[in-house]
2 protein chains.
Amino acid sequence: MKTAIKASGASHRMSAEDRREQVLKAAMAEFAIHGLDGTSTEAIAERAGISQPYIFRLWPNKKDLFLATVDACFDRFEAVLKKTAEGRSDAEIGAQLQAVGHDPSGHPHLTGPGARLHAMGHAYMRLLAKPEAPLMQMQAYAACWDDDVRRLVRDRWNRLRTLVSELSGVEGRELSEFFARGMLLNVAACMHLPATGDPARWAHEVLGFA
Amino acid sequence: MKTAIKASGASHRMSAEDRREQVLKAAMAEFAIHGLDGTSTEAIAERAGISQPYIFRLWPNKKDLFLATVDACFDRFEAVLKKTAEGRSDAEIGAQLQAVGHDPSGHPHLTGPGARLHAMGHAYMRLLAKPEAPLMQMQAYAACWDDDVRRLVRDRWNRLRTLVSELSGVEGRELSEFFARGMLLNVAACMHLPATGDPARWAHEVLGFA
DNA sequence: GATGTTATTGAGTAATCAGTCACATGAGGA
DNA sequence: TCCTCATGTGACTGATTACTCAATAACATC
């Protein structure tokens with residue numbers, strides 16, 4: 001009964017590695033909404049287009065799948081930051097900078113470390129446009145009551161901080177304020193504070209920029 | 001069989017209003033850890049020292065209980081802010097201000113709006129010392145995929161913003177940066193970034209203050 | 001002490017859960 | 001052709017889930 005071939009899954013017989021990636025994507029969508037405890041492996045399997053027992057062939061248990069999902073999340077995040085840092089001298093980015101208008105006090109924002117950091121902030125906002133991105137982050141933080149989750153999140157968070165510091169050349173308090181703004185954008189995105197996905201409006205309404 | 005009398009509950013026959021408050025407290029502890037979907041009403045009931053079916057006499061369903069819990073959370077938060085604003089001229093607060101050391105650039109921080117805002121920030125840090133406080137917030141934001149939750153959280157968030165603005169006299173960008181720092185402290189608290197509960201160290205390590 | 005209200009529970013139900021196990025299916029090498 | 005090994009599933013289990021319902025014990029009021 002019911003010939004399956006569900007959802008996004010091109011159905012049959014792919015390499016385990018590809019399958020893992022596919023399942024991770026499905027897992028992220030489900031975990032982002034229902035969290036570690038609230039997500040059923042059945043729902044993940046259905047979304048990935050495979051049977052539920054097969055998940056336990058790819059990962060030993062649900063928590064390990066959650067950990068892998070969080071890990072992949074940070075991976076994707078780091079990749080975006082690196083790519084942004086590489087293309088940081090593009091004219092396009094300079095234009096976007098001025099559109100958002102983030103330099104009220106005497107920082108040298110259109111060049112140097114501040115500019116790089118600002119470009120990264122902008123890239124982060126674009127990343128938050130996917131609705132599961134901020135939710136998944138919240139779920140990761142919320143799941144920090146579990147020791148293993150907390151260890152992973154702390155490690156990746158520290159890696160992220162040093163990565164941003166190295167890529168931008170910014171340190172200390174200014175760096176912390178960057179992450180602080182990011183966290184505020186997170187909760188704003190969860191709340192759908194900007195009905196539109198336009199990052200410029202986010203900056204205006206949420207961060208209170210002029 | 002099994003004479004019960006569980007946990008914190010002085011067992012028998014209290015007014016429905018008191019009982020609701022007691023259950024809300026238990027619900028916050030459980031929801032903070034396992035989230036809306038992951039928390040069982042059984043666990044809440046056991047913690048509150050009542051039978052599980054009675055929860056559904058006090059609230060029509062689990063989600064409404066979650067909403068009430070989030071609401072109570074914001075209530076408590078607002079109360080703390082108001083109390084802090086009332087006692088803002090205490091000498092003790094002035095001392096704490098300098099201990100944290102939040103005035104690197106020329107803001108007039110030891111008096112006026114900045115001082116009031118800073119006192120509130122400090123009160124917030126003390127509030128985060130209870131481990132369920134930041135987790136519960138994350139769970140509330142994460143549960144924003146649900147329309148009703150999102151509506152509630154958005155409303156209370158806006159109320160909070162205007163309340164802080166009125167109490168402190170701060171507006172716009174500076175106000176947003178206050179909330180941004182708060183959100184960063186939230187995730188730091190979830191991650192147990194400061195192993196100690198000492199707010200001064202939080203400020204130093206997480207916010208990057210000198 | 002009868003009457004009505006309010007707090008509270010035991011016993012259930014249908015559904016869903018994570019995880020197991022035996023088995024099927026296909027591709028590639030010999 | 002047969003063998004091997006990785007990919008994949010159907011059927012199952014024991015536990016847990018939110019939620020219902022009928023019943024009762026404690027209170028108040030006259």
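In what follows, every heavy atom counts, from backbone to side chain, and hydrogens, waters and symmetry copies are set aside. Proteins come first, then strands; the chains are lettered A, B, ... in the order of their sequence lines, and each starts at number 1. What you are looking at is a predicted structure, and each value in this text was computed from that prediction instead of being measured.
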What's the shortest heavy-atom distance between A:Gly35 and A:Gln139, and which atoms?
CA-OE1, 3.2 Å
Let me know, please, whether B:Leu58 or B:Gln52 comes out on the 5' side of the other along DNA chain C by nearest nucleotide.
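Nearest nucleotide further toward 5': that of B:Leu58.
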Closest to the 5' end of DNA chain C, once B:Pro53 and A:Thr39 are matched to their nearest nucleotides, is B:Pro53
Nearest to the [X] side chain among [options], which nucleotide is it?
| X | options | answer |
| --- | --- | --- |
| B:Ile50 | D:dC19, C:dT9, D:dT9 | C:dT9 |
| B:Ser51 | D:dT7, C:dG19, C:dT9 | C:dT9 |
| A:Tyr54 | D:dA18, D:dG8, C:dT8 | D:dG8 |

Please report, rounded to the nearest Å, how far the [atom2] atom of [N] is from the [atom1] atom of [X].
| X | N | atom1 | atom2 | value |
| --- | --- | --- | --- | --- |
| A:Lys62 | D:dT16 | NZ | P | 14 Å |
| B:Trp59 | D:dC19 | CH2 | P | 14 Å |
| B:Leu65 | D:dC19 | CG | C1' | 14 Å |
| B:Arg57 | C:dG10 | CZ | P | 14 Å |
| B:Glu30 | D:dA18 | CD | C1' | 16 Å |
| B:Ile44 | D:dC19 | CD1 | C1' | 14 Å |
| A:Phe31 | C:dA18 | CZ | C1' | 12 Å |
| A:Phe66 | C:dA18 | CZ | P | 14 Å |

Testing the 3.5 Å rule here: is there a donor-acceptor pair between the side chains of B:Ser165 and B:Glu171?
no
CG of A:Leu65 to CZ of A:Arg20: how many Å apart, nearest 0.5 Å?
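The CG atom of A:Leu65 sits 9.5 Å away from the CZ atom of A:Arg20.
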Scan B:Arg161, B:Arg156, B:Lys83 and name whichever one has a salt bridge (charged side-chain N to carboxylate O under 4.0 Å, His left out) with B:Glu78.
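Considering B:Arg161, B:Arg156, B:Lys83, a salt bridge (charged side-chain N to carboxylate O under 4.0 Å, His left out) with B:Glu78 is found only for B:Arg156.
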If you go through the side-chain atoms of [X], does one of them form a donor-acceptor pair with the base of [N] closer than 3.5 Å?
| X | N | value |
| --- | --- | --- |
| B:Arg13 | C:dT6 | yes |
| A:Glu42 | C:dC17 | no |
| A:Arg19 | D:dG8 | no |

For D:dA18 and B:Thr41 - does any side-chain N or O of the residue sit under 4.0 Å from the phosphate oxygens OP1/OP2?
yes
Tell me whether A:Lys82 contacts the main-chain N or O of A:Phe77 through its side chain, where contact means a donor paired with an acceptor under 3.5 Å.
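Judged by distance alone, no pair lies under 3.5 Å.
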